[in-house]
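Just so we're on the same page: letters track the sequence lines, and every chain starts at 1. All values below were derived from every heavy atom in this structure, side-chain atoms included, with hydrogens, water molecules and symmetry-related copies excluded.
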Number of protein chains: 2
Amino acid sequence: MEKSAPDPLEHPREDEIDLSKVLFALSDPARLELVRQLRDAPLEAARCHLQDPSLPKSTKSHQMKVLREAGVIRNEPKGRGRLLSLRREELNRRFPGLLDAILDAS
Amino acid sequence: MEKSAPDPLEHPREDEIDLSKVLFALSDPARLELVRQLRDAPLEAARCHLQDPSLPKSTKSHQMKVLREAGVIRNEPKGRGRLLSLRREELNRRFPGLLDAILDAS
DNA sequence: GTAATAGTTCGAATATTTTCGAACCAATGA
DNA sequence: TCATTGGTTCGAAAATATTCGAACTATTAC
């Protein structure tokens, strides 16, 4: 108990966020749907779901990883679970207008 | 010579253009670079190039196909070659702001 | 401490994409 | 006509991505 657990998950720095990776991450309908659930506010991972909720948790974890490694979402420990949030400010600075254009798309 | 050759290549209608396919098509750096070359004006296919110009023409043709089938570019016969153009108006109507946000991204 | 919850990670199987050469086709030019 | 240019298409091989179960970790509740 000398230390509290550090966040083991790596997030790219704002200046490392790569357009191709962002577009790829968002090009999957299931991942985009996950992101849309974070549009208005951060959400505990346990409260957001893939389209098909019967998929195993390792699959959901993989999709969250793709989004995180692309720099689209933040994933930090919270209580016994995880808090997911959109990296909105960073994305808006890095690629102005992109995120909203995608989220607003019908 | 009763008919001129019809365009054999299929293009999705504007209302069929799918966001995920567009994002996927543009998520490849080589394809995005191709698209950037069409930003200001249509171009004959022979005058635009992949990053690595030593790649065989079947590879370039494949990348053009992915972009065309996603609805990002138009590919029509012209003379003995092909004229490529961005489907800018359709994309702007379908997904306002998206194309410019991507093309403007550093 | 033990059990339950909420995940991550690993490895293997599967599915999807990409790459490339070969074959093909249409338009132009000699 | 025949050759050249500028592509498309096919099929197979290689590279990537996805899915899933099993094993593992951390936190909270009891």
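For the side chain to side chain contact (heavy atoms under 4.5 Å, CB included) test with A:F95, the passing option among A:L23, A:I102, A:I17 is A:I17; the others fail.
Contact of the B:V72 side chain with the B:K21 side chain is not registered, since no non-hydrogen atoms from C-beta on lie closer than 4.5 Å. Put simply, the side chain of B:L83 does not reach to within 4.5 Å of the side chain of B:N75, judged on heavy atoms. Looking at A:E33 and A:L50, their side chains never come closer than 4.5 Å, going by heavy atoms from C-beta outward.
Ranked by how close their nearest DNA chain D nucleotide is to the 5' end, A:Q63 and A:K78 are led by A:Q63. Of the residues near DNA chain D, A:D28 and A:S58, the one whose nearest nucleotide (by heavy atom distance) lies more toward the 5' end is A:D28.
Salt-bridge formation is not detected for the pair B:D15/B:R93: no Lys NZ or Arg NE/NH1/NH2 atom is positioned less than 4.0 Å from an Asp or Glu carboxylate oxygen. A salt bridge links B:K78 to B:E44: at least one charged side-chain nitrogen sits closer than 4.0 Å to a carboxylate oxygen.
In this structure, CZ of B:F24 is placed 17 Å from P of C:dA15, rounded to the nearest angstrom. To the nearest angstrom, C1' of C:dT18 lies 15 Å from CG of B:L34. Look at CG on A:L84: it is 8 Å from P on C:dG7, rounded to the nearest Å. Rounding to whole angstrom units, NZ of residue B:K65 and P of C:dC20 are separated by 17 Å. Atom C1' of nucleotide D:dG7 and atom CG of B:L55 are separated by 16 Å, given to the nearest angstrom. Spacing between atom CG of B:L9 and atom P of C:dA26 amounts to 13 Å, rounded to whole angstrom units. When the C1' atom of D:dT9 is taken as reference, atom CD of B:E69 falls 12 Å away, rounded to whole Å. We find that CD of B:E44 is positioned 16 Å from P of D:dT5, with the value rounded to whole Å.
Taking every side-chain heavy atom of A:R80 into account, C:dA6 is the closest of C:dT9, C:dA6, D:dT9. Each of C:dA6, D:dC20, D:dA17 was ranked by its minimum atom distance to the side chain of A:T59; first place goes to D:dC20. Residue B:A46 places its side chain closer to D:dG6 than to any other of C:dC20, D:dG6, D:dT8. Residue B:K57 has its side chain nearest to D:dT8 when only D:dA17, C:dT18, D:dT8 are considered. In this structure, of C:dC20, D:dA22, D:dT8, it is D:dT8 that holds the atom nearest to the side chain of B:M64. Side-chain proximity of B:S61 to C:dT9, D:dT9, C:dA23: nearest is D:dT9. For B:H62, the listed nucleotide lying nearest its side chain is C:dT18; candidates were D:dT8, C:dT18, D:dG7. For B:V66, the side-chain atoms get nearest to C:dT18 when compared with the rest of D:dT9, D:dC20, C:dT18.
Distances shorter than 4.0 Å separate some side-chain N or O of A:N75 from OP1 or OP2 on C:dT8. The side chain of B:R68 places no N or O atom within less than 4.0 Å of a non-bridging phosphate oxygen (OP1 or OP2) of D:dT8.
A:R47 comes within 4.0 angstrom of nothing in the nucleic acid, heavy atoms only.
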